[in-house]
There are 2 protein chains.
Amino acid sequence: MEHGRDAVTLRAIAREVGITAPALYRYYDSREDLLRRLAEDICTDLAAELEAELDRIDADDVSAQVYAVCRGFRRWALAHPQEFTLVFASTEDALGSCGPDDRGQVGDQFGRVFLEVAGRLIASHPLPDDLGDDVPEDLHADLAVFQQVLLATVNDRGVEVDESVLPLGAVYHVTQSWVRIYGHVALEVFGRFPFAVSNPEPMFDSMLAQILGEMGFRHLTRP
Amino acid sequence: MEHGRDAVTLRAIAREVGITAPALYRYYDSREDLLRRLAEDICTDLAAELEAELDRIDADDVSAQVYAVCRGFRRWALAHPQEFTLVFASTEDALGSCGPDDRGQVGDQFGRVFLEVAGRLIASHPLPDDLGDDVPEDLHADLAVFQQVLLATVNDRGVEVDESVLPLGAVYHVTQSWVRIYGHVALEVFGRFPFAVSNPEPMFDSMLAQILGEMGFRHLTRP
DNA sequence: CAACTACGTAAACACCGTTCACTCGACCGT
DNA sequence: ACGGTCGAGTGAACGGTGTTTACGTAGTTG
């Protein structure tokens, strides 16, 4: 992957494994299938990396966990731009949308880690009343589904919460936060900011601070 | 492009033009060079499309212009996902960062249209005092450069403004807005929202409303 | 009219995804 | 112990790709 998606060649892989190219067809239906499963593996690796970082953090300091996951995601994306492009910036028909399930989650394993932290974040803290005040009517149904997914993800880790602490406005805010985090990381990876940012890291951190601030976390130490 | 970047083949192009593949080397140094210049052409087309939409809008209604450009960008991206991927989601080493100039602007022509509207927006309206209150110190230098670019872009269209109406906080807010707009569009094109959004359009519109709201435009008609 | 240039071609090379016929060794039931 | 079956791998082949090279061939210029 280091040299881009086009460099992921059946013959190159076969050479590295010590077999011939047609032998790969015993394990993969086609090159596209191989790339799809490679993307899944990359997701799993990224998730493991983030989870390892999470383990080094106080289990009660949720905002520190948010920082760790988001910064870890950015750091990983900048260190592995080609992998990021494959997993997070490929059209679905070129990758099969990461999983045969109908709903196209964000890279299965990676999404789990992210949702878990997001769920714990809004569950661990009294939220401002005006958060996500005007969530559009048309999104209520979709957000309600996502709300249940978040609840299930959090409950899987032992913490019991009901939907009263996970209002739709907060769910909407989490979605908007993902838009901003993903947007910043992708723009940085692809060099598509409207001007040359000489040091994007403080910009990312201040965005995280603002996102957390809107959720009621103010005056944080930024670990 | 319709069938993806990989389908942009020297021989296919030559076939369509009625010559043979090696003849293309009279005009392009390599396939990569061709793709780079194709990306520039796509940017120009997109810019022309947006500008055509702008011409159908009252020249004084700046917020309507913002809606038109942002919605046009989203509509174009969804209608041309492969082109969007090539121009807005490709690593720089695979495309040369859109232009030989040192500073990697967002697709030259397209960026111009966007900056123009953004500049007119913040110049046409008294901004809230708390806008972009805590812009990180480390970004002051970069933002100042961007501020000058915005001023130059606006002045090029006849409107004379000085930097007093274009405070750094507003410039920072424009950058954050681009992060959100780009993030939403890219997530939608790539199907990487954390849950299945059955109708993303109101979500996009409400994001635009919020962005404009933060700049002091409240209770807008959404054309 | 000779020389030069722009434009295009055919052939070739190395590589690619994919298919097909084939071999080889391990395993299994009798 | 033996024939049969099956998974894993191979080599050859096909059509397609980017790219280079040598060659042609009109049109322009001195």
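A, B, ... follow the sequence lines: proteins, then strands. Residue 1 opens every chain. Here the structure is a predicted model, which is why all the values come from computation and not from measurement. Computation of the quantities below employed the complete heavy-atom set of this structure, encompassing side-chain atoms and omitting hydrogens, waters and symmetry-equivalent molecules.
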With a 4.0 Å cutoff (strictly under), does any side-chain N or O of B:T20 reach OP1 or OP2 of C:dG8? no
Regarding B:Q65 and B:R120, do their side chains bring together a donor and an acceptor under 3.5 Å, going by distance alone? yes
Determine whether the side chains of B:Y172 and A:S206 contain a donor N or O and an acceptor N or O closer than 3.5 Å. yes
Going by heavy atoms in the side chains, are [X] and [Y] under 4.5 Å from each other?
X      : Y      : value
A:F110 : A:I42  : no
B:V171 : B:V135 : no
A:R31  : A:L35  : yes

Quick one: B:D6 CG to D:dG16 P, roughly how many Å, whole number? 17 Å
Please state how far atom CD1 in A:I19 lies from atom P in C:dG17, giving the value in whole angstrom units. 13 Å
Between A:F114 and A:W178, does the ring centre distance come in under 6.0 Å? yes
Determine, step by step, whether A:E49 and A:R71 satisfy the salt bridge (Lys or Arg N to Asp or Glu O under 4.0 Å) criterion, reporting the C-alpha distance in whole Å, the side-chain angles of both residues, the deciding distance to 0.1 Å, and the verdict. CA-CA 12 Å; A:E49 198 173 310; A:R71 283 171 165 163; over 6 Å; no
Members of residues 9-18 of chain B that approach DNA chain D, where some heavy atom sits under 4.0 Å away: B:T9, B:L10, B:R11, B:R15
Contact residues, residues 21-30 of chain A to DNA chain D [heavy atom, < 4.0 Å]: A:P22, A:A23, A:R26, A:Y27
In chain order, what residues pass the side-chain hydrogen bond (donor to acceptor under 3.5 Å, both in side chains) check against A:D138, with sequence neighbours excluded? none
